[in-house]
Amino acid sequence: MSHGHTDVTDQAETVNPACPVVEVLDRVAGKWAVGILVAAAKGPVRFTELERQVEGVSRRMLTLNLRKLEREGLLVRTVHPTVPPRVEYECTPMALELYETLLSLVSWAERHAVDIAHAHLVYDTEHAAPAESPERASRARVPATR
């Protein structure tokens with residue numbers, strides 16, 4: 001008895017509808033990207049201004065994220081022919097549309113930061129492992145020999 005032809009499920013039916021959302025969020029919602037977009041939404045902004053406004057970002061991470069956001073079509077980089085050259089970054093219309101959503105997210109985070117920190121503390125206290133004896137802890141670190 002032959003098994004015959006097995007139909008292949010149409011790929012469109014098996015694609016998770018959340019995939020496009022996850023892909024887009026991976027691209028635009030990184031740790032530094034949100035701060036950069038919020039800062040750039042106010043109008044053209046220079047690299048050094050972004051460096052000051054995006055707290056904690058290193059020059060390297062700022063550069064990488066600016067390139068990424070430019071590649072994603074969210075920022076436009078303009079080099080003005082001056083000495084030294086003046087470079088500005090500005091949000092595209094697509095980024096300005098995203099900005100409204102980001103403001104809601106930033107507002108939510110500010111309202112709930114203390115609540116989340118408190119929840120972490122409560123969880124960590126309730127789920128704390130009993131303290132190990134120093135002897136047992138040192139044995140756990142030493143690989144067993146056979």
Side-chain angles (χ1 to χ4, degrees), residues 5-144:
H5 176 72
T6 305
D7 288 325
V8 176
T9 305
D10 183 17
Q11 188 176 3
E13 292 175 359
T14 61
V15 173
N16 181 344
C19 284
V21 173
V22 171
E23 184 178 329
V24 168
L25 288 176
D26 282 346
R27 293 172 183 242
V28 301
K31 180 177 181 179
W32 305 115
V34 172
I36 292 167
L37 290 172
V38 168
K42 299 171 184 127
V45 61
R46 295 178 72 175
F47 183 92
T48 53
E49 292 173 70
L50 286 169
E51 200 173 21
R52 281 192 298 271
Q53 290 182 32
V54 181
E55 190 174 322
V57 70
S58 68
R59 295 193 90 145
R60 170 113 173 102
M61 287 309 296
L62 180 57
T63 299
L64 291 173
N65 277 271
L66 287 170
R67 286 182 189 156
K68 178 179 136 189
L69 292 169
E70 185 179 6
R71 181 173 184 241
E72 302 298 341
L74 296 169
L75 288 181
V76 174
R77 180 178 184 262
T78 305
V79 180
H80 298 280
T82 59
V83 178
R86 184 171 52 114
V87 180
E88 293 179 328
Y89 297 89
E90 190 171 11
C91 285
T92 64
M94 182 171 54
L96 291 174
E97 185 180 340
L98 174 61
Y99 173 70
E100 296 304 319
T101 303
L102 292 177
L103 283 182
S104 295
L105 177 62
V106 168
S107 176
W108 179 89
E110 288 171 345
R111 283 192 318 274
H112 295 287
V114 172
D115 299 328
I116 292 170
H118 178 72
H120 282 196
L121 181 63
V122 168
Y123 181 92
D124 291 347
T125 301
E126 290 175 357
H127 295 85
E132 291 187 12
S133 69
E135 178 184 310
R136 183 175 175 190
S138 66
R139 277 187 284 165
R141 286 189 294 260
V142 177

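Residues take their numbers from the sequence shown, with the count starting at 1.
In this structure, Trp108 CH2 and Ile116 CD1 are separated by 4.0 Å, a value rounded to the nearest 0.5 Å. Considering CG of Leu105 and CD of Glu110, their distance stands at 10.0 Å, rounded to 0.5 Å. Going from atom OG1 of Thr125 over to atom NE2 of His120 covers 12.0 Å, rounded to the nearest 0.5 Å.
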>> For Thr63 and Arg67: C-alpha separation, side-chain torsions, deciding distance, then whether side chain to side chain contact (heavy atoms under 4.5 Å, CB included) applies.
In response: CA-CA 6 Å; Thr63 299; Arg67 286 182 189 156; 3.7 Å; yes
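Each of Val57, Val34, Ile36 was scored for a side-chain contact (heavy atoms from CB on, under 4.5 Å) with Asn65, with one residue passing: Ile36.
Sequence neighbours left out, the pairs with a member in residues 44-58 that pass side chain to side chain donor-acceptor pair (under 3.5 Å) are Glu51-Arg59. Applying the side chain to side chain donor-acceptor pair (under 3.5 Å) test to pairs two or more places apart or on separate chains, none has a residue in residues 93-105.
By the 4.5 Å heavy-atom criterion applied to side chains, His118 and Val122 are counted as neighbours.
A pairwise comparison of heavy atoms in Cys91 and Leu96 identifies CB-CD2, 3.7 Å as the closest pair.
Every residue two or more places apart in sequence or in another chain that forms a side-chain hydrogen bond (donor to acceptor under 3.5 Å, both in side chains) with Asp115 is listed here: His112. Among residues two or more places apart in sequence or in another chain, the side-chain hydrogen bond (donor to acceptor under 3.5 Å, both in side chains) test is passed with Arg111 by Ser107. Every ring-ring contact (aromatic ring centres under 6.0 Å, His included) that His127 has, sequence neighbours left out, goes to Tyr123.
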Cut-off 3.5 Å, no hydrogens considered: what does the side-chain donor-acceptor table look like for residues 72-80, sequence neighbours left out?
from, atom 1, to, atom 2, distance (Å)
Glu72, OE1, Arg27, NH1, 3.0
Glu72, OE2, Arg27, NH1, 3.4
Arg77, NE, Tyr89, OH, 3.3
His80, NE2, Glu88, OE1, 2.9

